[in-house]
Amino acid sequence: MGNLHFRKEERLSRKKIIEELFEKGASRLFFPLKVLSLPHPDPNQIVHQVLITAPARNFKKAVDRNTVKRRIREGYRLNKTLIPTSPALCLAYIYIAKDILPSVTIHKSIRSSLQQLKNNEKKD
RNA sequence: ACUGUAAGCAGUCUUAUCGCUCUUUCAGCAAUGUUGGAGAGGAAAGUCCGGGCAACAUAGGGCAUCGUACUUCCUAACAGGAAGGGGGUUUCGAGAUCAUCGGGAUCAACAGAUAGUGCCACAGAAAACAGACUACCGCCUAGGAUUCGUUCCCGGGAGGAAAAGGUGAAAAGGUGGGGUAAGAGCCCACCGCUUUGUUGGUGACAACAAAGGCAUGGUAAACCUUACGAGUUGAAAGGCCAAAUAAGCCCCGAUAAAGUGAACGGCUCGUUCUUAUCCUUAAAUGGAUAUCGGGGUGGGUAGGCUGAUUGAGUUCGUCAGUGAUGACGAAACCAGACAAAUGAUGAGAGCCCUCCCCCUACUCCCGAUAAUCCGAUAACAAUCGGGAUCGGGAUCGGGUCUGGGAACAGAACCCGGCUUACACGCUUACUUUUUUU
RNA sequence: GCCGUUGUAGCUCAGUGGUAGAGCACUUCCUUGGUAAGGAAGAGGUCGACAGUUCAAUCCUGUUCAACGGCU
């Protein structure tokens, strides 16, 4: 098995890249998630960088936002070996559903999104 | 027993796999790996108050604006807290009744309405300068009736008086008595109010005495007055390092400083002099270009460290105080993230609710009585009641077992409060309903 | 993290303490051969929620809920 870490380097935290991702990134919907993806603009980047967010409009309480973000993060951490590491990507996971869904369904949708990304790269 | 309200306490535990943040041991140039340790709350929430801390501002005083408002104390400070004072509501008792007094429970942002201004709908005669209206009273008087003494009816005049008008949230001290033409604090008793004094209390205030004779309707969470307080902005503050501040365009200046160039000297520096070119002019007068400097635009950078967790702190004990709280001593170090860690998936234990089944002290209910005991109807029989026994059911409790539940809620520089949210459980006070005495 | 604004009829908004209104929309009637426009009448409000001040609160005060905006 590969490394199932999720360290600070894999978090997307630079404001400029985030803006670029939200402007140019290709978006697909895997309910309950919306996934934005873009090749990383920094050529020295080795690992993928991921942004996870749950809008405060749908979840008023910080506890609910935290639980949703934690479940998405676990889903990415356990399934990130599905995509190859060679060209680094920027990803954004936005939680769209208005209820807190169980982590099984969230993991399923993450898995399918990663499969699709892998297929796209093969075509390229 | 049960229902609810308020206050307080407490708000799961163990373990497997894979991870996150900080720290630590060892290895390594480093990335990193490895060993051990720590890792959300009573409200972390709302951001309603008050501070610490930081930057900027600031002679002193006043005005404006905003806030606070019974007293004393606590506190770093507060619109917070503690202990009191007076007040409202309700209930019980005293008072023949009323005013009022005393006890209990409970509520409360409680300075000033004789500094001034404003407002008080509807209703009502009148809503704040009291007296316009109706009604009351005697005096004078026009007319009518009459039993011709007078009385009655209906008007007028100049007065008296502030008692009556039942409407309103609120009506100009209250109740009773005297007094009077009618009345009135006009006089008296009790009570309230105001002023003054004495005593007690640190004080809010209370008690008592004397005088006044009612003058003073409500509203300040209306303006306002008085007293006290408040500089502004918040960690997205501030400090250090790294990176960047380019080109282009616009404006101003070349006096000083700096810079450039030159000369000299003791030459990593000092002294002295000094913009340059072109056109134009009497003139460095004016203009253009270049260079340099400053400002703007433009675009660019926006990462790390610090601030930042040893503190008005925590736990335990003793002492002081009615209490909030304080003093002293001891012990340990107990989250520190930053597009934001403290998790995900399983398993088990305990707790709560529910379903099936079993046992069951005491108690209660229903039914039966072949035999047996007691009592009532004078006695027997019979009947009734009670006991006893048997059967069935309910309940407290215990065991087994099915399914489910576990609230409110996530640190964001740090503290002190307030407010709001909160499942199950426990304690205290009050309380709904039912049963028994 | 810090600061602010708003909440009134189905919609857009007035209303500075005395029984809450306008425009559009809705219903019924008139007008027309019919519709629109026009005219007449009508219905529809816990003034976001809960407390307090006041005789009386949409308005004043406090708490709370929701929506929206700003600060790098």
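First the proteins, then the strands, lettered A, B, ... as listed; each starts at 1.
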Does A/Arg73 make a side-chain N or O approach to OP1 or OP2 of B/A339 shorter than 4.0 Å?
no
No-H, no-angle donor-acceptor pair, A/Arg77 side chain to B/C18 base, under 3.5 Å
yes
If a pair means Watson-Crick or G-U wobble with both distances below 3.5 Å, what does RNA chain C look like in dot-bracket form, with | marking bases paired to a different strand?
(((((((..((((....[..)))).(((((.......))))).....(((((..]....)))))))))))).
I'd like a list of close polar pairs between nucleotides 406-411 of chain B and the protein, N/O only, cut-off under 3.5 Å.
residue: B/A409; atom: OP1; partner: A/Lys61; partner atom: NZ; Å: 3.1
residue: B/A409; atom: OP2; partner: A/Lys61; partner atom: NZ; Å: 2.9
residue: B/G410; atom: OP2; partner: A/Ala62; partner atom: N; Å: 3.3
residue: B/G410; atom: OP2; partner: A/Val63; partner atom: N; Å: 3.3

When rounded to the nearest Å, what value does the distance between C1' atoms of B/A341 and B/U301 take?
30 Å
Counting only Watson-Crick or G-U wobble pairs whose two distances fall under 3.5 Å, which nucleotide matches B/U433?
B/A1
Residue whose nearest RNA chain B nucleotide is more 5′ - A/Ser103 or A/Val50
A/Val50
If we call it a pair only when both distances are under 3.5 Å in a Watson-Crick or G-U wobble match, what pairs with B/A59?
none
Could you pull out all donor-acceptor pairs under 3.5 Å where a side-chain atom in residues 88-108 of chain A meets a protein atom, sequence neighbours excluded?
residue: A/Tyr95; atom: OH; partner: A/Asp99; partner atom: O; Å: 2.9
residue: A/Tyr95; atom: OH; partner: A/Leu101; partner atom: N; Å: 3.1
residue: A/Thr105; atom: OG1; partner: A/Pro102; partner atom: O; Å: 2.8

Electrostatic pair A/Arg77:A/Glu74 at N-O distance under 4.0 angstrom:
yes
If B/G317 has a Watson-Crick or G-U wobble mate with both distances under 3.5 Å, name it; if not, just say none.
B/C328
Pairwise N/O distances under 3.5 Å, protein to nucleotides 30-33 of chain B:
residue: B/G33; atom: OP1; partner: A/Arg7; partner atom: NH2; Å: 2.9

Using atom P in both nucleotides, what's the gap between B/A163 and B/G185 to the nearest angstrom?
6 Å
With a 3.5 Å limit on both atom pairs, tell me what B/U35 is paired to, counting Watson-Crick and G-U wobble, or say none.
none
Taking atom C1' in both B/G197 and B/A99, what distance in whole Å separates the two?
28 Å
Using purine N1 to pyrimidine N3 plus N6-O4 or O6-N4 for Watson-Crick, or N1-O2 and O6-N3 for G-U wobble, both under 3.5 Å, which nucleotide pairs with B/G217?
B/C120
Using the C1' atom as the reference point in each nucleotide, state the distance between B/A45 and B/G52 in Å, no decimals.
23 Å
If you check every side-chain atom of A/Glu74, which of B/A339, B/G343, B/A340 has the closest atom?
B/G343
What nitrogen or oxygen pairs link the protein and nucleotides 299-304 of chain B at under 3.5 Å?
none

Ring pair (Phe, Tyr, Trp, His ring centres under 6.0 Å) partners of A/Phe6, counting only residues at least two apart
A/Tyr76
Paired with B/A109: which nucleotide, if any, by Watson-Crick or G-U wobble criteria at under 3.5 Å for both distances?
none
What does B/U369 pair with, Watson-Crick or G-U, if both distances are under 3.5 Å?
B/A388
A/Ile52 atom CD1 is separated from B/A340 atom C1', nearest whole Å, by 12 Å
For the P atoms, the ones on B/C352 and on B/G321, what distance do you get once it is rounded to whole angstrom?
46 Å
Euclidean distance for P, C/U46 against C/U58 (whole angstrom):
13 Å
Rounded P spacing from B/G174 to B/G217 in Å:
14 Å
Taking atom P in both B/G88 and B/C53, compute the distance separating them and give it to the nearest angstrom.
48 Å
